[in-house]
Protein chains: 2
Amino acid sequence: MISQASFRTHPSPLESGLHLDGKRMTPQRKKVLSLFEEIGSGIHLSAEEVHSKLTSTGDKVSLATIYRTLRLLVKMTFLNELDLSEGGNRFELLSHDHPDHHHLICIRCGRTEEFENNEVINAGEVAAKNFGFKLLESSLNVRALCPICINK
Amino acid sequence: MISQASFRTHPSPLESGLHLDGKRMTPQRKKVLSLFEEIGSGIHLSAEEVHSKLTSTGDKVSLATIYRTLRLLVKMTFLNELDLSEGGNRFELLSHDHPDHHHLICIRCGRTEEFENNEVINAGEVAAKNFGFKLLESSLNVRALCPICINK
DNA sequence: AGCGTATTGAGAACTGCTTGCAACTTGTAA
DNA sequence: TTACAAGTTGCAAGCAGTTCTCAATACGCT
């Protein structure tokens, strides 16, 4: 039998983060985070999409667990939650080297593009400071029509 | 009997806007818009809040009509729709002298403050142009903790 | 290995919002 | 004025996304 403990593997950031808090590493949690790591940062999935991507590869995870896990991963700052309205929130891998990024959304077909702009980030920081708020996250959502949808 | 037509009142912008499009002026529509005009621009209400404010003063309007009317008023650019997530969208009077404004929201107690920043607006315009999108609206939402909620 | 407790799965429940339809209004044209 | 077509309302049912309940299961500490 191969023992997990026979050679000490580095605990992943997810695992150690969980343990710090009395929480546990589970296959479900690992799978959800891996999925986001595989597709890379900058791509957003809805809870439903995460669920169907995982179950389509034979894994069995319940939708309720997906929701719970997504919430957890957001709180642990592994994921970023976007609310582009129109049918559910979306989640993406939070890459800590990029700062917040912003979204350009076609309200008709849902196509979204990302961009970054330091002045926007800065504006959020200044506003928070002026009102004595502690900034958590800022998101600029630009609602627009993409080239294809303009003529519909 | 006092006749409505005995002296010609100026049709309101709402009324003429409606008529341009074959739509009709109804007491419900008037009440919803008046409510927003009374409380002034910069204050956001959820559909539920609009409903309870109207019904609490004795008026009878169904929630479904509130939703339909809010959507209509947004399309007619009398109102602005904000999606600050966390339990429903909110609406506010759109004052056309202000351009888009941005929101600083306490995610714990819901307190929201507004601010304006032309660079943010500009960033949205530039991004839309770069991707060939037609800009409709941009909104910067800064999620934060207000001074009171920071220590909770 | 054993045990306390966190976590999962399944489905019911909830929330915010939309829709279908019959009854009712509005605006217009006679 | 009146009459009538078309827009609008209210109600209740429906829907999508998300959360909750609780019994069964699995982590991980000792």
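Since the structure is predicted, the reported quantities are computational estimates derived from the model, not experimental observations.
The residue B:Arg29 sits close only to the backbone: its heavy atoms come under 4.0 Å of sugar-phosphate atoms, none of a base. In this structure, B:Glu48 reaches neither bases nor backbone, as no heavy-atom distance under 4.0 Å exists between it and the strands shown.
Between B:Asp21 atom CG and C:dG27 atom P the separation is 14 Å, expressed in whole Å. For the pair B:Glu15 CD and C:dT25 C1', the computed distance is 14 Å after rounding to whole Å. A straight line from OH of B:Tyr67 to P of C:dT19 spans 13 Å, rounded to a whole angstrom. In this structure, A:Leu45 places its CG atom 13 Å from P of D:dT18, rounding to the nearest Å. Remark: P of C:dT15 and CG of B:Asn89 are 17 Å apart, rounded to the nearest angstrom. If you measure from atom CG of B:Leu54 to atom C1' of D:dT9, you get 14 Å, rounded to the nearest angstrom. Residue B:His51 contributes atom NE2, which lies 10 Å from atom C1' of D:dG10 at whole-angstrom precision. Spacing between atom NZ of A:Lys23 and atom C1' of D:dC27 amounts to 14 Å, rounded to whole angstrom units.
A close approach under 4.0 Å does not occur between any side-chain nitrogen or oxygen of A:Thr26 and OP1 or OP2 of D:dA26. In this model, the phosphate group of C:dT25 is not approached by any side-chain N or O of B:Gln28 to a distance below 4.0 Å at OP1 or OP2.
Of the candidates B:Leu70, B:Ile66, B:Thr65, B:Thr65 is the only one forming a side chain to side chain contact (heavy atoms under 4.5 Å, CB included) with B:Arg68. If you run side chain to side chain contact (heavy atoms under 4.5 Å, CB included) between A:Val120 and each of A:Asn122, A:Asn118, A:Asn117, only A:Asn117 comes through.
Taking the six-membered ring where tryptophan is involved, the planes of A:His103 and A:His44 are perpendicular, since the angle between them exceeds 60° and thus also 30°.
Across the interface with DNA chain C, nearest-nucleotide mapping of A:Ala64 and B:Arg71 shows A:Ala64 to be the residue nearer the 5′ end. Residue whose closest nucleotide on DNA chain D sits further toward the 5' end, between B:Val61 and B:Gly22: B:Gly22.
Set against D:dG7, C:dA6, D:dT9, the side chain of A:Arg24 has C:dA6 as its closest nucleotide.
Inter-residue side-chain proximity for A:Met76 and A:Leu14 is flagged as met; some heavy-atom pair is nearer than 4.5 Å.
The minimum heavy-atom distance between A:His51 and A:Val61, with the atom names listed, is NE2-O, 2.8 Å.
At a cut-off of 3.5 angstrom, the base of D:dG7 holds no donor-acceptor pair with the side chain of B:Arg68.
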